[in-house]
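In the text below, chain A, chain B and the rest are named by the order of the sequence lines, each starting its count at 1.
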Amino acid sequence: MAEPLHLIEAGTRPTGRPFAVRFFWPVLGGGLLAIPLLIGVHIAVGSADIGIADTFRALFGSPASDAHDTIVNNLRLPRALVAVLAGAMLGMAGALLQSITRNPLAEPGLLGVTGGAVLAITAYIVLIPDASYRDAGADSGLPIPLVGMVGGLLAGATVYALSRSRTGGVDPMRLILIGVLVASVVSSFASLLLVRSGDYDTRRLIQWTVGSTGGRVWAHFHTIWPIALVTLPLSILAIGWANVLQLGDDVARGLGLRVERTRLTLLVLAAALTAGAVSVVGAIGFIGLIGPHAARLSTGSNLRRQFPLSMVFTALLLLVADIVARTATIGWVAAYFDDDAGFTASLPVGATTALLGAPFFLYLLLRRKTIL
Amino acid sequence: MTTILDAEATEEAEKTPRVTAARPRRVVTLGIILVLVVALVSILAVMIGQTAISAGEVIDILLTGGDDRVKNVVVTEVRLPRMLVGLLAGAALGVSGVMLQDALGNPLAEPALLGVSAGGALAVAAIVVFAVPIPAGTLPFFALIGGLVAGAIIIGATRLTSDPIRMILIGAALGAFFSALITTVIVLADPDNLRRLTRFLIGSIIGRDWRHVRIMLPWIAVGLPVGMVFGRTLNLLQLGDELAEGLGLNVVRARTAIFVVAIALNAAVISVCGPVGFVALVAPHLARGLLATTDSRQVLPIAALLGAALVVGADLLAREVLRPAELPVGVFTTLVGAPMALYVLRRIRVGQTVG
Amino acid sequence: MTHTTPFSRRGQRSAWPALAALFFLAIVAAACGSDDAGDEASGSASTATEESSEAATEDSTDEASQPEEEAASASAESEPEPEPEGEGEFPMTIVDSKGRELTFESRPERVVALWNDSAGKAAYIGIDIVATGAVDLVSTEEIYGPDAGIEFISENDDGPDWEQIVALEPDLVIAGEWAADTIGQDVPVYIEGYDWEFTEVDEFFYDVNELSKLFGTTEQVAARNEALIDRAMAYGAASGRELTIFNGFQNDDTGNAWWFNDGGISCQFVQPAEACEGAVDLGGQWYEVGLEGLLELDPDVIIVEWEPAYSDPTAAMEALVANPIGAELSAVQNDRFVRVEKAFARPSHPIVFELYLDYVMPLAYPDLFPQPLTDDQVTDILASN
């Protein structure tokens with residue numbers, strides 16, 4: 001059984017309290033302030049050439065033209081807001097999972113929820129004719145997120161059922177193994193379906209398998225915010241439990257916590273957070289790992305600090321990654337293919353998070369071997 | 001390094017937990033049965049097809065060339081090399097699965113889960129999408145290099161940790177990273193290239209001929225016997241790092257060597273067939289289940305036979321169910337192997353490789 | 001054991017839920033606020049678009065960029081003569097291929113046609129467009145000339161870049177299903193069908209027929225449809241055989257030749273004349289055909305699709321001819337093993353069919369059609385049948 005994280009950390013970092021412990025409030029406040037600022041930046045960049053002044057004029061109700069109004073308020077703003085919420089949810093899910101499994105390498109994808117959601121969405125788009133069309137512009141009840149949610153939670157339930165021991169408890173280590181296995185199984189099925197898909201669907205599906213905020217509009221925001229509104233505050237309320245659970249099952253039991261039930265509750269929360277985010281933006285990788293990680297590095301293992309910071313950091317990360325994704329149009333590639341003038345493809349944000357996140361992750365692996 | 005150990009090993013074995021071997025008779029019986037199964041599947045794979053060719057005719061063609069030119073070509077140029085590619089791939093996957101699982105104490109160690117497959121696929125993706133001018137027929141070598149580079153990164157990043165959970169999480173993260181790179185490349189592709197790539201990512205042995213046999217053969221002819229030699233070392237590693245170290249094994253060196261051999265075997269398969277899913281995961285666990293032991297010396301050959309039978313058998317099904325259309329064999333190994341993997345591994349625990 | 005457990009000490013952490021709730025309420029409130037604003041704005045935007053479309057030509061001098069202006073003036077010049085009363089009455093409602101009703105207050109002036117099919121269909125019904133997306137089957141330059149000033153819509157990872165489209169202030173977007181997610185974004189989007197079944201004549205011509213109502217070109221389009229059907233029938237009748245066409249897709253990039261059968265798409269043009277039977281449709285893309293499978297299908301014609309930019313099938317084709325199994329194939333024996341540029345092998349709209357018939361039939365049947373059929377020949381053949 002792995003030691004509780006704070007013990008490991010106490011051993012490895014004897015000197016002083018981390019920066020963000022002493023300056024926790026300023027850090028959190030700064031992070032919260034940075035969100036609207038970055039939303040502003042996010043909205044100000046884009047392919048349509050609207051000046052910054054015109055952008056904000058449109059944002060605050062006096063657009064220079066109808067096109068500006070539509071572009072800023074109906075295309076850019078919802079995308080930024082979806083990114084913030086999805087980031088916050090993934091960050092919280094990652095923080096929850098890392099504390100449940102007592103493993104700093106755990107990430108939301110391990111629950112099988114992500115893969116399940118993507119598989120369900122893939123199956124829906126590939127096997128059901130006109131599926132993409134049915135997703136069109138409805139103000140409520142987008143079918144694809146709904147399908148993704150159901151698929152994600154089903155896969156999560158499978159992981160849970162398979163990792164239950166005979167006594168009814170869930171060993172976190174086993175959960176990780178089963179989670180990885182189920183994730184691999186569902187992603188294999190998804191790639192079978194991907195081959196089966198038509199040319200147009202294939203590109204759409206890549207969006208879901210790698211995660212993207214492209215083309216997310218108000219309908220998507222209206223799908224994600226109610227889930228966030230329920231799950232995020234509940235997760236914050238659960239910090240006390242998670243903190244105790246971190247001390248190890250025996251200690252937690254001694255302190256009067258009903259360990260199995262608590263762990264299940266936290267798992268369900270993490271699954272709901274992940275399913276909610278993934279079914280709207282697809283399987284964005286790495287940020288659910290790195291956001292919480294950055295939070296822990298800066299605050300230590302007290303979850304009261306770590307959870308809120310995870311949420312804010314991850315939201316910021318996704319926003320930044322999305323800004324990069326929107327602006328990086330990979331000019332040299334476009335030049336290479338200049339016979340094919342359609343080639344200014346911007347990256348899906350999921351590819352950006354992985355490309356930016358993976359090196360950071362490797363760096364952490366190599367540098368802090370005791371923490372990771 | 002195994003020879004030095006003999007004396008102490010027997011002494012130590014008395015008081016330490018050790019891998020109990022299956023009774024030799026059981027191994028031999030199972031081995032004979034599996035050899036017969038592989039032989040049967042292979043012969044069927046050569047006989048069955050658009051024109052059915054009887055076993056007698058097949059032998060006649062192989063020995064004398066036969067009378068019918070078309071049948072001769074069908075057997076020698078189409079079915080035989082394809083069957084051989086299947087055999088080689090299956091055996092290589094089975095053996096490398098055993099090696100990775102035992103060496104890492106990780107029941108899920110498998111090329112796809114460690115990111116090796118994705119590394120090979122990335123190389124192919126980049127070459128196809130950017131239309132990199134490479135000499136015809138050399139693509140498999142680039143896939144091989146991609147797989148080996150991915151393997152090297154994994155070795156570096158994990159430092160071959162003995163913590164299986166850490167290992168698997170790092171593998172998952174690296175797999176995600178390579179997939180993201182592949183996706184990035186794919187995003188730059190036009191839909192036709194997408195189609196090629198998604199096909200490649202499934203794993204297929206349709207239309208493989210002697211060229212492909214020639215590409216794979218050297219790697220596998222070297223890798224398989226070398227893998228078999230590691231049986232004893234693998235047994236020691238199963239005891240855990242400390243015990244193995246105490247028994248005189250240089251754990252890190254042994255693990256690195258095993259890892260390199262296993263990845264080379266995998267990369268050879270990926271380069272010709274693409275990632276054929278779940279064979280490397282399922283065959284070793286099936287072998288352990290059938291033998292009721294985790295003794296690697298016994299598990300290795302049985303897993304090789306099982307892997308070969310799985311791939312050739314699955315390919316036979318894949319090409320016959322919808323004739324004249326054929327399915328990539330990866331579709332079948334995934335459809336069959338994935339649930340099997342879930343079933344076999346439903347009781348896994350950390351640090352335990354038996355299914 | 002009566003000491004308080006950590007999770008019951010509410011006082012210590014009471015700040016957090018409050019803070020979190022506050023944060024999210026703030027975000028949600030902000031979002032909903034701007035959402036409402038956006039909705040109102042969008043509502044007014046769409047009405048405004050409709051109203052302003054009549055005045056678009058004058059307004060464009062002020063706002064539109066250079067190319068748009070050109071396009072607008074071009075469209076004004078090439079506007080077909082005024083329609084007879086009764087047909088082109090606005091407001092007009094048309095129904096797209098997905099059954100969605102679109103109502104137009106006036107004739108659309110600024111049309112964006114995304115993708116090959118949309119642009120091809122727009123060209124077929126004879127209208128000008130201000131922008132298009134990826135066009136590789138029929139280049140807009142070929143249709144509209146190099147100086148038409150047609151903007152190019154680039155793709156992002158979600159398909160067409162809607163920002164660019166909205167910035168052009170179009171009053172009609174013709175697009176494929178792929179655009180579906182973003183429909184409703186203040187721009188009327190006509191979703192076209194992807195019908196490759198020429199045999200279903202009504203369905204095949206549905207989009208062009210429906211769209212032509214908007215632009216008052218129904219008669220011209222009907223005549224063009226008629227001529228296309230005649231041409232297809234003539235080719236079919238003149239070929240005079242029951243033909244099987246296998247449409248192969250080959251790829252030697254990975255050292256393997258992969259053969260697909262797309263159900264003999266090429267065949268479908270002459271199918272109404274009962275002159276062709278597509279090789280059995282092998283369905284989805286999981287399937288491949290090996291050499292043996294090819295022998296079992298034994299099609300009369302094998303068409304190899306290729307893309308000049310990516311691959312040259314010559315080597316693979318020569319290998320097949322040299323292979324004893326390949327040599328058994330009737331198509332190889334009769335020299336009907338031809339390669340066709342992919343752009344032409346995947347036609348899905350009428351304008352490509354017109355081109356394709358004259359392109360591929362002489363390729364597949366050099367003995368029967370040394371030259372593409374002339375209009376007179378078409379008339380003669382149909383008359384004699």
Can you tell which of A:T158, A:L162, A:I176 has the highest number of heavy-atom pairs within less than 4.5 Å of chain B? A:I176

Taking side chain to side chain donor-acceptor pair (under 3.5 Å) as the definition, give me every residue that meets it alongside B:S96, ordered by chain and number, with sequence neighbours left out. B:N266

Just to verify, what does B:E320 make a salt bridge (charged side-chain N to carboxylate O under 4.0 Å, His left out) with, not counting sequence neighbours? B:R323

Side-chain touch A:L192/B:L335, heavy atoms, less than 4.5 angstrom: yes

Any non-hydrogen side-chain atom of A:L181 less than 4.5 Å from a side-chain atom of B:L281? yes

Minimum-distance pair of heavy atoms, taken over all atoms of B:F177 and A:A354: CD1-O, 3.7 Å

Minimal non-hydrogen separation, A:S188 against B:F278, with atom names: OG-CE1, 3.1 Å

